[in-house]
Amino acid sequence: MITDQLKARVREALTIASGKGILQLNVSKVDISFETPRNKEFGDFACNLAMALSKTLGLPPREIAKTIVDNIVTGDGFLERVEIAGPGFMNFYLTPDWLHEVMVRIEREDDFYGRNRSLEGEKVLIEFVSANPTGPISVVNGRAAALGDTLGNLLAAIGAIVSREFYVNDALNSTQLNLMGDSLAARYLQLLGRDVELPEDGYQGEYLVDIAKDILQEFGNRFETMPDEERASLFRSFASSKMIEQQKTDLEAFGVKYDTWFYESDLYSNEEVSAAIQYMRDHGYAYEKDGALWLKTMELANDDQDRVLVRSNEKETYVAADAAYHLNKFKRGFNRLIDIWGADHHGYVMRLKAGIKALGCDPDACEIILTQMVLLMRDGEMVRGSKRAGDIIPLKDLVEEVGKDAARFYFLLNSYETTATFDLELAKKQSNDNPVFYAQYAHARCCNVLRKAEEMNVTVPKGTHVKRSLLIHDKELDLLRKLADFPGEVQTAADMLAPHRLTAYVREIGQALHQFYEECPALKEGVDPNLRDARLALFDATRIVVRNLLGLLGVSSPQRM
RNA sequence: GCGCUCGUAGCUCAGCGGAUUAGAGCAUCUGACUUCGGAUCAGAAGGCCGGGGGUUCGAAUCCCUCCGAGCGCGCCA
């Protein structure tokens with residue numbers, strides 16, 4: 001990256017200065033960082049090192065800056081000059097050549113432009129959505145789905161091996177699932193004309209009626225007369241398997257595909273839960289009280305009270321299963337776990353971390369991302385979004401209404417740290433204004449110009465063979481600057497686990513492209529062929545960057561719209 | 001009551017220690033079609049960055065406090 005070269009220059013200058021005894025510091029320990037100034041007048045890159053060093057060196061920032069600048073190599077066709085500004089900023093002005101070279105690089109790296117290997121060797125497991133199999137994927141889950149999937153793309157882009165996982169809460173002691181099975185059985189019997197009521201607090205959603213119809217069609221009335229208990233267990237498994245199937249379909253329509261669907265029930269059948277509990281006992285992290293088994297979460301994770309692992313009725317709690325589950329993740333070779341949860345589970349973070357620690361694993365290797373709530377609005381009223389009451393808004397509906405691209409982009413638009421209000425009507429209405437189209441149009445526009453060139457029998461030239469130094473128009477340089485930012489933007493977004501930065505960035509690229517398009521014609525009459533070719537090459541480079549960027553977001557790049 | 005999170009333009013949000021003008025989009029108002037497709041571009045207007053203290057050369061950004069909103073505090077998941 002270009003800033004690495006600048007860093008090397010600065011480090012060189014520091015070494016010289018400290019060699020002369022002007023600055024007294026351990027050069028290898030100095031952390032040098034660059035930023036791209038908001039205002040172009042402040043150069044291509046700015047460095048605040050002098051201010052940062054001011055305290056440790058006991059010298060005024062501007063004086064330090066001067067020493068560094070005096071010892072830095074400039075005027076060699078790469079770095080034009082360095083200026084000191086304001087309280088002690090060093091502003092670096094590069095020759096436009098470096099921007100022109102970006103075109104060559106983009107062309108050469110093509111699909112790989114923007115990627116790097118900084119996370120090589122890291123094996124990351126991202127677990128997200130993991131909705132109970134008691135209803136369809138809702139728009140509320142859409143946020144986690146878009147976030148998790150895109151984070152996966154991002155981390156993979158910087159070299160990690162990424163696996164996406166959905167945890168299916170299908171354990172036998174799930175009361176929700178039992179209730180769901182009973183509700184389904186009631187629907188089934190109702191369809192057969194029997195006068196059966198839904199269980200109290202049962203699941204009211206229409207989707208259960210649909211599933212009941214499927215069952216009726218496939219198996220007829222053969223479950224009508226069987227003993228209640230037998231039917232209950234049968235319908236419980238029907239309910240969950242049908243639901244999971246549907247969840248898979250809905251998520252795939254949203255562009256999310258998991259590497260694994262991990263069943264909680266497997267943890268039990270493989271006795272991993274009991275083994276985990278035994279381990280905790282053996283290591284003194286669990287104790288008995290009031291007939292139950294407790295985990296020392298106070299000691300392990302500063303919890304305000306200890307938590308139950310095994311109830312007095314001998315059923316394990318969620319803590320036990322989840323600890324065992326995370327141990328399983330580590331055992332599969334992942335050295336970094338990312339869990340995406342809704343903010344309503346934040347009270348649970350400590351417990352899980354305690355559980356992980358009690359099993360001898362490193363709690364810090366597990367990052368838990370809490371997405372703020374998505375509040376539902378319908379007809380101007382808040383909706384609780386309860387699956388039981390059947391008032392959820394399915395993600396499927398949104399995807400069908402506005403399309404996968406707009407739906408995904410919608411959720412990636414802002415940080416997961418802010419509470420979002422979701423109004424389906426508004427989302428539909430706004431889909432025409434969704435910035436995703438602005439970005440996609442930028443891509444289509446590039447394709448269009450290139451296509452037009454071919455129609456005019458102009459061969460689209462390679463950036464390598466073009467007179468790049470002709471690109472000196474403000475809008476050309478602005479666009480090139482944006483394209484040059486891409487690798488850094490990917491890195492930052494991945495480091496911060498913040499995909500929403502990319503949705504902001506893609507709009508900036510779009511803007512730069514559209515402005516360039518307006519002001520810098522390539523194929524109009526009277527444009528010098530050399531300039532025309534250089535501009536065509538720039539369109540092509542932009543096309544590649546936008547396509548790569550949208551790809552990271554899981555959004556398609558149409559050639560025409 | 002205790003804990004976690006969030007308060008930035010009319011609305012939806014970026015910015016999360018840096019540069020005397022705090023940025024986008026939508027909505028509002030003006031302009032640009034003899035066009036490489038206007039799903040575009042140019043411009044205007046709109047803010048004591050919830051209030052108050054503090055740390056710092058420098059704060060929307062870090063700390064404290066108050067106010068407001070959301071969410072948690074089960075032998076539920």
Side-chain angles (χ1 to χ4, degrees), chain A residues 35 37-39 41-42 46 48 51-52 54-55 60-62 85-89 91 130 132 134 169 171 173-177 264 289-294 303-305 307-319 321-322 342-350 370-373 375 410 413-421 423 426 429-430 432-442 444-453 455-456 458 475 496 498 500-501 503-505 507-508 510-511 513-525 527 532 535-536 539 560-561:
Chain A
E35 59 182 60
R38 173 161 236 100
N39 193 335
E41 285 164 28
F42 294 139
N48 66 350
M51 278 114 88
S54 165
K55 192 155 238 172
R62 287 192 68 105
F89 287 102
N91 293 333
S130 301
N132 285 334
T134 52
N169 298 116
N173 58 2
S174 163
T175 49
Q176 294 178 10
L177 210 45
E264 183 187 8
K289 193 183 85 180
D290 304 333
L293 188 72
W294 298 71
D303 204 349
D304 52 2
Q305 64 182 85
R307 306 290 170 173
V308 170
L309 271 177
V310 184
R311 287 167 244 176
S312 48
N313 66 6
E314 297 190 351
K315 281 187 178 175
E316 297 86 349
T317 63
Y318 218 72
V319 191
D322 253 1
D344 51 341
H345 287 76
H346 69 78
Y348 193 73
V349 173
M350 268 188 198
L370 296 173
T371 68
Q372 287 303 307
M373 302 276 81
L375 307 173
Y410 182 89
L413 229 32
N414 36 277
S415 151
Y416 58 80
E417 284 171 335
T418 51
T419 318
T421 307
D423 183 329
L426 195 67
K429 216 167 71 186
Q430 283 184 343
N432 287 331
D433 298 320
N434 193 313
V436 77
F437 297 118
Y438 187 83
Q440 288 182 317
Y441 184 51
R445 186 164 244 184
C446 291
C447 293
N448 189 60
V449 172
L450 298 172
R451 192 164 46 230
K452 180 88 178 181
E455 281 168 17
M456 293 167 68
V458 176
K475 300 302 178 192
M496 296 176 67
H500 73 278
R501 293 182 61 100
T503 56
Y505 171 63
R507 129 154 268 305
E508 287 172 22
Q511 187 168 37
L513 181 274
H514 292 308
Q515 289 178 352
F516 161 66
Y517 175 89
E518 293 285 335
E519 295 200 29
C520 304
L523 297 173
K524 285 193 183 172
E525 297 241 354
V527 178
R532 175 197 67 197
R535 285 177 173 171
L536 286 175
F539 273 113
R560 35 177 114 221
M561 292 172 75

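Note on naming: letters A, B, ... go to the chains in the order of the sequence lines (proteins, then strands), and numbering restarts at 1 for each one.
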**Message:** Applying the 5.5 Å / 30° rule, does A:Phe89 stack onto the base of B:A19?
**Reply:**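 Base of B:A19: stacked against A:Phe89.
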**Message:** Are B:A39 and A:Tyr438 stacked, with the base six-membered ring and the side-chain ring centres under 5.5 Å apart and planes under 30°?
**Reply:** no
Could you check whether [X] gets within reach of a base, just the sugar-phosphate, or nothing at all, counting any heavy atom under 4.0 Å?
X: A:Ala522; result: base
X: A:Pro521; result: base
X: A:Asp433; result: sugar-phosphate
X: A:Cys520; result: base
X: A:Ala453; result: nothing
X: A:Met51; result: base

Rounded to the nearest 0.5 Å, how far apart are [atom1] of [X] and [atom2] of [Y]?
X: A:Tyr416; Y: A:His500; atom1: OH; atom2: NE2; result: 9.0 Å
X: A:Phe516; Y: A:Phe539; atom1: CZ; atom2: CZ; result: 4.5 Å
X: A:Leu370; Y: A:Tyr348; atom1: CG; atom2: OH; result: 13.5 Å
X: A:Arg311; Y: A:Leu293; atom1: CZ; atom2: CG; result: 12.5 Å
X: A:Arg501; Y: A:Met496; atom1: CZ; atom2: CE; result: 5.0 Å
X: A:Leu513; Y: A:Glu518; atom1: CG; atom2: CD; result: 10.5 Å

I'd like to know if [X] reaches the base of [N] with its side chain such that a donor and an acceptor end up less than 3.5 angstrom apart.
X: A:Ser312; N: B:C75; result: yes
X: A:Asn91; N: B:A19; result: yes
X: A:His346; N: B:C71; result: yes
X: A:Asp344; N: B:G72; result: no

Taking the side chain of [X] as heavy atoms from C-beta outward, which of [options] is closest to it?
X: A:Gln515; options: B:U40, B:A77, B:A42; value: B:A42
X: A:Glu35; options: B:U5, B:G18, B:C75; value: B:G18
X: A:Arg307; options: B:G37, B:C75, B:G74; value: B:G74
X: A:Tyr441; options: B:C75, B:G37, B:C41; value: B:G37
X: A:Gln176; options: B:C13, B:G18, B:A77; value: B:A77
X: A:Thr418; options: B:U40, B:A27, B:C13; value: B:C13
X: A:Arg507; options: B:A14, B:G37, B:A24; value: B:A24
X: A:Tyr348; options: B:A77, B:C75, B:G18; value: B:A77

Could you measure between the two [atom1] atoms, the one in [N] and the one in [M], and give it in whole Å?
N: B:A14; M: B:C26; atom1: C1'; answer: 14 Å
N: B:G50; M: B:A60; atom1: C1'; answer: 12 Å
N: B:C16; M: B:C76; atom1: P; answer: 44 Å
N: B:U61; M: B:A19; atom1: P; answer: 13 Å
N: B:G51; M: B:A9; atom1: P; answer: 10 Å
N: B:U5; M: B:C11; atom1: C1'; answer: 22 Å
N: B:C67; M: B:A77; atom1: P; answer: 36 Å
N: B:G46; M: B:U21; atom1: C1'; answer: 15 Å

Length of the [atom1]-[atom2] vector between [X] and [N], whole Å:
X: A:Arg445; N: B:U40; atom1: CZ; atom2: P; value: 8 Å
X: A:Glu519; N: B:U40; atom1: CD; atom2: C1'; value: 12 Å
X: A:Gln305; N: B:G1; atom1: CD; atom2: C1'; value: 15 Å
X: A:Tyr517; N: B:A39; atom1: OH; atom2: P; value: 10 Å
X: A:Asn313; N: B:C76; atom1: CG; atom2: P; value: 7 Å
X: A:Glu518; N: B:G37; atom1: CD; atom2: P; value: 12 Å
X: A:Tyr416; N: B:U5; atom1: OH; atom2: C1'; value: 12 Å
X: A:Tyr410; N: B:A14; atom1: OH; atom2: C1'; value: 16 Å

**Complete:** Dot-bracket for RNA chain B, 5' to 3', Watson-Crick and G-U pairs with both distances under 3.5 Å, [ ] for crossing pairs, | for partner on another strand, reads (((((((..((((.........)))).(((((.......))))).....(((((.......))))))))))))....
How close do [X] and [Y] get, heavy atom to heavy atom, and via which atoms?
X: A:Pro87; Y: A:Arg62; answer: O-CG, 3.5 Å
X: A:Ala522; Y: A:Arg532; answer: O-CG, 3.1 Å
X: A:Ala321; Y: A:Glu264; answer: CB-OE2, 3.7 Å
X: A:Leu450; Y: A:Leu536; answer: CD2-O, 3.7 Å

**Request:** Report the residue (A:Leu413 or A:Ala444) whose heavy-atom-nearest nucleotide on RNA chain B is the more 5′ of the two.
**Result:**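 Closest to the 5' end, via its nearest nucleotide, is A:Leu413.
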**Message:** Need to verify one output field. Residue with the more 5' nearest nucleotide on RNA chain B, A:Phe437 or A:Asn132?
**Reply:** A:Phe437
**Message:** Under a 3.5 Å threshold, yes or no: a donor from one side chain and an acceptor from the other, between A:Arg445 and A:Asn448?
**Reply:** no
Just the atom pairs and distances: protein N or O near nucleotides 15-17 of chain B's N or O, under 3.5 Å.
{"unit_1": "B:G15", "atom_1": "OP1", "unit_2": "A:His500", "atom_2": "NE2", "d": "3.0"}

**Complete:** When A:Thr134, A:Leu177, A:Asn132 are each screened for side chain to side chain contact (heavy atoms under 4.5 Å, CB included) with A:Asn169, the one that passes is A:Asn132
**Asked** Listed by chain and number, what are the ring pair (Phe, Tyr, Trp, His ring centres under 6.0 Å) partners of A:Tyr441, not counting sequence neighbours?
**Response** A:His514
